[in-house]
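Worksheet for the structure shown next.
Residue numbers start from 1 in every chain, and the chains themselves are labelled A, B, ... in the order their sequence lines are given, proteins ahead of strands.
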There are 2 protein chains.
Amino acid sequence: MKLTSKGRYAVMALVDLARFDNINPVSLRDISLRQGISLDYLEQIFSKLKKNEIVKSIRGTQGGYVLNKNPNDIKLTNIFHAVDEKVKTVQCKKESKRGCNGKATKCITHNLWDELEIHINTFFDNKSLEDLIKNNKETRV
Amino acid sequence: MKLTSKGRYAVMALVDLARFDNINPVSLRDISLRQGISLDYLEQIFSKLKKNEIVKSIRGTQGGYVLNKNPNDIKLTNIFHAVDEKVKTVQCKKESKRGCNGKATKCITHNLWDELEIHINTFFDNKSLEDLIKNNKETRV
DNA sequence: TCAAAACTTGACCATTTTGGTCAGGTATGT
DNA sequence: ACATACCTGACCAAAATGGTCAAGTTTTGA
Ligand code: FES
Ligand code: FES
């Protein structure tokens, strides 16, 4: 089980963004330099964040990106969903009655994995961007 | 973030094993048939489980595998560790002071991922094979 | 006006991981 | 002796990962 860098970068970039967007839009170039993430890769990520209305873009010189919501209303769940970082612990299709082995009933560990998935998602549901900024400000002092 | 089938199969196979090992050793062939897992693949998995002293092997006709510990002492953590299914959320090396971006300090989201890793591992630490068997017996009634 | 800054889109690709298969063993009970 | 079942290691196709590259379009400020 590992986190992909797409998800990791998305959160990283948004925390960076949230810390600077009070006055001006923040350019991807700046985020790229500060966080050490490839500019081209950031563009892919922000394209998705924009489609999911987590950020707004402002074009032209002095342009950049701005948060589209209150940091408190942006949960990790939303960010991960936007960049297709999904938690997948079961093998079978959830909607179906069939199991992962192709048999007619769910396998003997299905419930376990389901519990695990809920356990992980709970973490993401409860963490907002606001929490992360706060936490980061504290450690900056 | 997804679970690999190596980890999933390992647990599945051990639950199956635990349910039948009271009397005789259980052959991989039987597990393979009951759970729909390739025999060759199971052999790879059990080789690792054996090295980690989670199961014992008994060779020859009527041979098979037997649990090497009390089901209550086999935690999911142990199983996952045995088959190299590890939870990896941070990008950097934990021991090092350096961050994932190559910089001298940990990145702004490092603490978050660390928290997440602990959150997930807690789940694995607290779940034993015994729990799974019980749960399964209940649902079988 | 026009160049530079910055967003936009989509194709492309090398490397690694995954999820196995295959081919040969070796040990042991009957 | 022979069948059963463990044991070992090589091998491999397909998918996912983690990007790069190229070619735009839009807007501002000098
Ligand atoms: S994981 Fe759902 S049936 Fe096996
Ligand atoms: S994840 Fe540890 S420094 Fe970024």
What is the nucleic acid contact for B:V55, judged by heavy atoms within less than 4.0 Å: base, sugar-phosphate only, or nothing? nothing

Near DNA chain C, under 4.0 Å by heavy atom, which residues of residues 39-50 of chain B? B:D40, B:Y41, B:Q44

Minimum heavy-atom distance A:I79-A:I74, with the two atoms named: CG1-CG2, 3.8 Å

For A:R8, does its backbone N or O pair with a side-chain atom of A:S5 as donor and acceptor, under 3.5 Å? no

If you assign each of B:G60 and A:Q62 to its closest nucleotide in DNA chain D, which residue comes earlier from the 5' end? B:G60

Cluster partners of A:I58, using ILVMFWY side-chain heavy atoms under 4.5 angstrom, listed by chain and number? A:V66

Could you walk me through whether A:S57 and A:K50 pass the side chain to side chain donor-acceptor pair (under 3.5 Å) check? CA-CA 7 Å; A:S57 70; A:K50 190 190 168 186; 3.2 Å; yes

Listed partners of A:H81 passing ring-ring contact (aromatic ring centres under 6.0 Å, His included), at least two apart: none

Here's a test of your reading of the structure: between A:K51 and A:G63, which maps to the more 5' nucleotide of DNA chain C? A:G63

Whole-Å distance between C:dT28 C1' and B:R59 CZ? 8 Å

side-chain hydrogen bond (donor to acceptor under 3.5 Å, both in side chains) partners for B:E115, two or more places apart: A:K127

Can you list, by residue number, the residues of residues 82-91 of chain A that have a non-hydrogen atom closer than 4.0 angstrom to DNA chain D? none

Range on DNA chain D touched by chain B, heavy atoms, distance below 4.0 Å: D:dA3 to D:dA16

A:T61 side-chain N/O to C:dA6 phosphate OP1/OP2 under 4.0 Å: no

Can a salt bridge be assigned to the pair B:K94 and B:E117 using a cut-off of 4.0 Å between side-chain N and carboxylate O? yes

Contact nearer the 5' end of DNA chain C, comparing B:S38 with A:D30: A:D30

With a 4.0 Å cutoff (strictly under), does any side-chain N or O of B:Y9 reach OP1 or OP2 of C:dG20? yes

One thing to verify: whether B:D84 and B:K48 come together as a salt bridge, which I'm taking to mean a side-chain N less than 4.0 angstrom from a carboxylate O. yes

How many Å lie between CG on B:N24 and P on C:dG29, as a whole number? 14 Å

Ion pair check, A:D125 and A:K75, cut-off under 4.0 Å: no

What is the distance, rounded to the nearest whole Å, between atom CZ of B:R8 and atom C1' of C:dG20? 14 Å

I'd like to know if the side chain of B:N68 pairs up with that of B:E53 as donor and acceptor (distance under 3.5 Å, no hydrogens or angles considered). no

What contact category does B:K2 fall into here, base, sugar-phosphate, or nothing, at under 4.0 angstrom with non-hydrogen atoms? sugar-phosphate

When you measure from the side-chain N and O atoms of A:S57 to the phosphate of C:dT8, is any distance below 4.0 Å, counting only OP1 and OP2? yes

Rounded to the nearest 0.5 Å, what separation is found between the CG atom of B:L129 and the CZ atom of B:R19? 11.5 Å

